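Contents: one structure, followed by commentary.
From a predicted model like this one, the values you see are computed outputs, not experimental measurements.
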Amino acid sequence: MMFALVDCNNFYASCERMFNPSLNGRPVVVLSNNDGCVIARSNEAKALGIPMGAPAFQIQLLVERNEVAVFSANFPLYGDMSRRVMTILSEYSPEQEIYSIDECFLNLTGINEDLAAYGLKMRTHVLKWTGIPVSVGMAPTKALAKAANRIAKKFTERTGGSYVIDTDEKRIKALKWLPLEDVWGIGRRQAVKLKAAGMRTAYDFTQADREWVRKNMTIVGVKLQDELNGIPCMEMNPVEKKQSITTTRSFEKAYKSLDELRERITTFAASSAESLRKQNSLCRSLMVFIETNRFGEPFEQYSNNLMVKLPFATSSTIEIVQSAVQGLQKIFKEGYHYKRAGVVLMDFISETNLQPSLFFNSDPRHLSLMQTVDKLNNKFGTHVLKLASQDMRTWKMKQEHLSPAYTTNLNDVIRVKI
DNA sequence: TCTGGGGTCCTAGGACCC
DNA sequence: TCTGGGGTCCTAGGACCC
């Protein structure tokens, strides 16, 4: 077996920079929705010590002193750039697993070439066609490919951004270099436990007693140990349908009334339902949740969630919204300052596997109605059609540093003067 | 004033059944 | 002191990922 893990460097920051070359060499950060906290940093921003996840207001001083370029997250742009990168990479293997917006696994088993050079070829190709720098790690297991990727990225000057672990010597050298907490699959919790047991590097972990690992880290830990020892346990996962679809947002200000929350929940449920239809699924239950400011202060805290079983499988926005709002009414309590809410759809079946029930079924008229709505919304841009109860008030996300929709809106396409 | 959003998998323990 | 035991299904919560 041979896997590649290809990963875009500082992806969101690289996307912003791609359309604004004057930012080359300058520190760049991208903020989450509501301009809340840092979700991407260029190397220069990392070097300034701006931590991942830092609240925007806490890095204000650093930003001003160092002329850091700050952007509000522009997810349509990143999604579009991702699609382009992934399409190029798919040419390098018969099997691609898109693992996240900025990385994918490729199955390189049977590719009869010098792999390090093959990785460099991918990197050059992607950079030339999209302007996005990527790193390529290759190894006989997914976990080792992840480790190889870290080496490719960390030592770009030496590796050119492409590194292969194809011998036991290289494997051991890599694992002795890789700190425990940087291993794919070992999180903060486990790292503490492993360090307490005297381990420090990925290599130490591979030497740990198998039974101890099973007891302390379940079967997941045992598989990871095998993977790092070069025994593949994780296969390529073909792109499958999602098992749950979530829409959640923090609010710019606190909401107190049921009416305000009802509008938000309606909008979230509608957005989730749209994604559900996109993958041709129906859902049989959903969860709605609301919460006050989890950072406390100065008001009393309350958070709650509720699972709602739908009377039938459906993808109708109307029916899903109804159930979500019923759920909201059950958990809503007067007197709190709500700061976040969300709707999770789950328990899916495929449209084609629907077994109609004798008495309770989704309103058959909704399917064609929804198809029409989706078609129109697709054709004329987002949400020319929506429920009357959606977006009643002028709800707005804080986005003070939003870049143009360079690739998805004709008016924002970059013009080149000749 | 100001702290994101969207996923997956595994397990323990309760409910229920025989 | 002194409990029956074993299977299955479901769910909440924890851990991890990006």
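- The distance between the ring centers of A:Tyr338 and A:Tyr255 does not fall below 6.0 angstrom.
- Considering only side-chain N and O atoms, A:Arg340 lies nowhere under 4.0 angstrom from the phosphate OP1 or OP2 of B:dT3.
- Summarising the geometry, the separation between CZ on A:Phe75 and P on B:dG7 is reported as 12 Å, rounded to the nearest angstrom.
- Here A:Lys142 lies out of heavy-atom contact (under 4.0 Å) with every strand.
- Within the 4.0 angstrom heavy-atom criterion, no nucleotide atom of any strand lies near A:Leu31.
- Here A:Thr248 does not reach the OP1 or OP2 of B:dG4: none of its side-chain N or O atoms lies under 4.0 Å away.
- Nearest to the side chain of A:Ile245, among C:dT11, B:dG7, B:dG4, sits B:dG7.
- Atom pair A:Glu181:CD and C:dC16:P shows a separation of 12 Å (rounding to whole Å applied).
- Atom CZ in A:Arg249 sits about 10 Å away from atom C1' in B:dG6, given to the nearest Å.
- Stacking annotation: A:Phe57 is not stacked on the base of B:dT3 (requires ring centroids less than 5.5 angstrom apart and an interplanar angle below 30 degrees).
- Here A:Val38 lies out of heavy-atom contact (under 4.0 Å) with every strand.
- Residue A:Asp102 has its side chain nearest to C:dC18 when only C:dC18, B:dT8, B:dT11 are considered.
- With both ends at atom C1', the span from B:dC17 to C:dG4 equals 14 Å, rounded to whole Å.
- Remark: P of C:dA12 and CG of A:Asn304 are 12 Å apart, rounded to the nearest angstrom.
- Aromatic rings of A:Phe105 and A:Trp184 (six-membered ring for Trp) have centroids within the 6.0 Å cut-off, being under it.
- The phosphate of B:dG4 has OP1 or OP2 within less than 4.0 Å of a side-chain N or O from A:Arg294.
- Across all strands shown, B:dC18 forms a Watson-Crick or G-U wobble pair, both distances under 3.5 Å, with C:dG5.
- The shortest side-chain heavy-atom distance between A:Phe3 and A:Glu235 does not fall under the 4.5 Å cut-off.
- Distance NZ (A:Lys398) to P (B:dC2): 9 Å, rounded to an integer number of Å.
- As judged by a 4.0 angstrom heavy-atom cut-off over every strand, A:Gln60 is placed among residues making no nucleic acid contact.
- Across all strands shown, A:Gln58 has no heavy atoms under 4.0 Å from either base or sugar-phosphate atoms.
- No donor-acceptor contact under 3.5 angstrom links the side chains of A:Gln322 and A:Gln326, judged on distance only.
- Position along DNA chain B of the nearest nucleotide to A:Ile39 versus A:Lys242 favours A:Ile39 as the more 5'-ward residue.
- Taking only side-chain nitrogens and oxygens, A:Thr247 never comes nearer than 4.0 Å to OP1 or OP2 of B:dG5.
- Counting to the nearest Å, the P atom of C:dG13 and the CE atom of A:Met346 are 13 Å from each other.
- Distances from the side chain of A:Ile219 to the nucleotides C:dA12, C:dC18, B:dC10 place B:dC10 closest.
- The phosphate of C:dC16 has neither OP1 nor OP2 within less than 4.0 Å of any side-chain N or O from A:Lys223.
- Between B:dG7 and A:Thr246, a contact under 4.0 Å exists linking OP1 or OP2 to a side-chain N or O.
- Going from atom CG of A:Asn237 over to atom C1' of B:dG7 covers 13 Å, rounded to whole Å.
- Between C:dA12, C:dC18, B:dG4, one nucleotide has an atom nearer to the side chain of A:Ser32 than all others, and that is B:dG4.
- Residue A:Lys339 is classed as a sugar-phosphate contact, given heavy-atom separations below 4.0 Å to backbone atoms only.
- For A:Lys241 and A:Cys37, each mapped to the nucleotide of DNA chain B holding its nearest heavy atom, the one lying further toward the 5' end belongs to A:Cys37.
- The side-chain hydrogen bond (donor to acceptor under 3.5 Å, both in side chains) with A:Ser135 is formed by just one residue from the set A:Asn9, A:Thr156, A:Thr159; it is A:Asn9.
- Aromatic ring centroids of A:Phe71 and A:His401 lie 6.0 Å or more apart.
- Taking only side-chain atoms of A:Arg189, from C-beta outward, the nucleotide of C:dC16, B:dG4, B:dG7 with the closest atom is C:dC16.
- Checking each of A:Lys195, A:Arg188, A:Gln190 against A:Glu181 for a side chain to side chain contact (heavy atoms under 4.5 Å, CB included) leaves exactly one that passes, namely A:Lys195.
- Residue A:Gln190 has no polar side-chain atom (N or O) positioned under 4.0 Å from OP1 or OP2 of C:dG14.
- Taking side-chain N and O atoms only, A:Lys146 has a distance below 4.0 Å to OP1 or OP2 of C:dC18.
- Straight-line distance from the CD atom of A:Glu103 to the P atom of C:dC18: 6 Å, rounded to whole Å.
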